[in-house]
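Each chain gets a letter, A, B and so on, in the order the sequences are listed, and its residues count up from 1.
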2 protein chains.
Amino acid sequence: MTDNGHCGHGDGSVEMQKMCISIVPIFNHLNPSEMSEIIKHTNSVSHPRGHTIYHEGDTSDGLYIIHKGRVKIYRLSESGKEQLVRILEPGDFTGELSLFNETVHDAYAEAMGKVELCVMNREDFQTFLLKYPAISLKVLGEFSNRLAKTEKQAARIAMETTDTRIAMYLADLAEERNSSRIKLPMTRKDLASHIGTSPETISRKLAEFEDAGWIRQHSQREIEIVDMDALLLV
Amino acid sequence: MTDNGHCGHGDGSVEMQKMCISIVPIFNHLNPSEMSEIIKHTNSVSHPRGHTIYHEGDTSDGLYIIHKGRVKIYRLSESGKEQLVRILEPGDFTGELSLFNETVHDAYAEAMGKVELCVMNREDFQTFLLKYPAISLKVLGEFSNRLAKTEKQAARIAMETTDTRIAMYLADLAEERNSSRIKLPMTRKDLASHIGTSPETISRKLAEFEDAGWIRQHSQREIEIVDMDALLLV
DNA sequence: ATGAAACCTTGACCCCCGTCAAGTTTTGGC
DNA sequence: GCCAAAACTTGACGGGGGTCAAGGTTTCAT
């Protein structure tokens, strides 16, 4: 189990848990009475910045739903290097992998700032899946999205040059946010580990892109894409 | 839709389809009458070696269950290079990604030899998921396995050296087959694209491993692991 | 507000490995 | 069983980018 230094337990009013459930795509299609049934089976937990929510090797506590704040999921490679897998935002959930396999977690979850979560235990979640099959379809949809995204990511790291990966990351982010001015959601170090390069290379490539007139770096985290077409030609 | 040169349709006796369903983990827990209900909603299809079963950009036909033969799933990167995602064997299924997202396929499926499949259309499959929620749990389990495997793969390609990736691939294969003598399931080219390197590098590294006394190459595809511990130390 | 810790940038070095090429072996369709 | 096509091996070469180092900047806990 996670070594909980001091994570607030049970400070969850029904009000807060209600919000928690109602913002999650996998539950928010249910009717009010079904929702309150589910709410009864969740607990609120809060973690301070930097706190580990679960460890590789932990057995599954259950399903974690992010209510406020952001959570970083990463894994350690066999040689001990950290790779950032993804960042969870409010409405996202995690903990699922070990929910269905009876295996231990194979990744780490860490609070990137103060985080509030709703937690549902494994058995209750599985019960709800059987009772309300529509939830399963939602979760299946979410899984298949994630699988597609992860496979795409793996293909990119395997086949594209570093320039291309960085350019595509920026392009994806811009598309996701619907804006050519974007704010990087993480440090160079984390970004580097996510796309399979080094922080130094990121700095250098971004400087190159700026010299070429494709982007403008307004601050370390703020980037404006000036010429998307050129950027995507590598 | 896929350009079907000549793939046998409807040559599926009920007998054959029954076998098809009964070997698939996602269905084989059902009782006989439920199974025959499902069998009624599947069609048999066969494809010759090299034939494309579905294309990137195809809309989903449904769920494909491999009955005989092997199927190679690959994707083309933005820059046009091929990456092998995975190889399907009898009992595996595919086509799922677009089943839940209403999106087009983002990968290719190709018959590696003569292949026999059972196909179920999208609507029928979703109906069965709602009718028999236990199937959903099975599919969720399968998805979460695959997600875990793909994330692990992405982390490896991102963080490990080429030597390590090749060594780990061999080690994984040996563990999967429970034998230190393994037969590579694919060509050097496909293996290279799978683990993010070039065929030449694979040849060279395997030669190095053999020189170091860690493996023995009995033939191009037959490899015996002599010193697993040394191999995993890179 | 302030100092320490974390983060970012830039330079120098150099090695890993991708690419091209040419010769050899294996595969599989007839 | 044959022969063309595909797959594999080995060599040579060069550049992309990882690593180490040093100095500047931002962040954040107190």
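Residue A:R216 places its CZ atom among 12 or fewer non-hydrogen atoms of other residues, nucleotides or ligands, all under 6.0 Å distant.
Bracketed by its first and final contacts, the part of DNA chain D lying under 4.0 Å from non-hydrogen atoms of chain A reaches from D:dG17 to D:dA29 in 5' to 3' order.
We find that CD of B:Q217 is positioned 15 Å from P of C:dT25, with the value rounded to whole Å. What separates CD of B:E160 from C1' of C:dC17 is a distance of 17 Å, to the nearest Å. When the P atom of C:dT9 is taken as reference, atom CG of A:D211 falls 13 Å away, rounded to whole Å. When rounded to the nearest whole Å, the span between CD1 of A:I223 and C1' of C:dT9 equals 14 Å. When the P atom of C:dC7 is taken as reference, atom CG of A:L84 falls 13 Å away, rounded to whole Å. In this structure, B:K189 atom NZ and C:dG18 atom P are separated by 16 Å, rounded to whole Å. Summarising the geometry, the separation between NE2 on B:H218 and C1' on C:dT25 is reported as 19 Å, rounded to the nearest angstrom. In this structure, the CD1 atom of B:I157 is 12 Å from the P atom of C:dG18, given to the nearest Å.
In this structure, B:E82 contributes its side chain and B:S193 its backbone to no donor-acceptor pair below 3.5 Å. Side-chain atoms of A:R75 never come within 3.5 Å of backbone atoms of B:A155 as a donor-acceptor pair (strictly under, hydrogens ignored).
Among the atoms of the strands shown, none is found under 4.0 Å from any heavy atom of A:K114. Within the nucleic acid shown, B:D163 comes within 4.0 Å of sugar-phosphate atoms alone, with no base atom in reach, counting heavy atoms only. Contact annotation for A:S219: no contact, since no heavy-atom pair falls under 4.0 Å across all strands. A:R165 comes within contact range of no nucleotide atom at all, as no heavy-atom separation falls under 4.0 Å. Residue-level contact check: B:R49 touches the backbone only, with heavy atoms under 4.0 Å from sugar-phosphate atoms and none from bases. Residue contacts for A:T187: at a heavy-atom cut-off of 4.0 Å it reaches the sugar-phosphate backbone alone, with no base atom in range.
Both A:Q220 and A:T201 sit near DNA chain D, but only A:T201 has its closest nucleotide nearer the 5' end.
A distance of 9.5 Å separates CD in A:E56 from OH in A:Y74, rounded to the nearest 0.5 Å. In this structure, CG in B:D190 is found 11.5 Å from CG in B:L184, a value given to the nearest 0.5 Å. To the nearest 0.5 Å, atoms CZ (A:R177) and NZ (A:K183) are separated by 9.5 Å. A distance of 5.5 Å separates CZ in A:R188 from CG in A:L206, rounded to the nearest 0.5 Å.
Side-chain proximity of B:E200 to the nucleotides C:dA21, C:dC17, C:dT9 is greatest for C:dA21. In the set C:dC8, C:dC17, C:dT10, the nucleotide with an atom closest to the side chain of A:A207 is C:dT10.
No donor-acceptor contact under 3.5 Å links the side chain of A:R188 to the base of C:dT10.
Close to C:dT19, at under 4.0 Å from its OP1 or OP2, lies a side-chain N or O of B:K81. In this structure, B:T162 reaches the C:dC17 phosphate: one of its side-chain N or O atoms is under 4.0 Å from OP1 or OP2. The phosphate of C:dC17 (OP1 or OP2) has no side-chain N or O of B:T197 nearer than 4.0 angstrom.
Salt-bridge formation is detected for the pair A:R156/B:E78: a Lys NZ or Arg NE/NH1/NH2 atom is positioned less than 4.0 Å from an Asp or Glu carboxylate oxygen.
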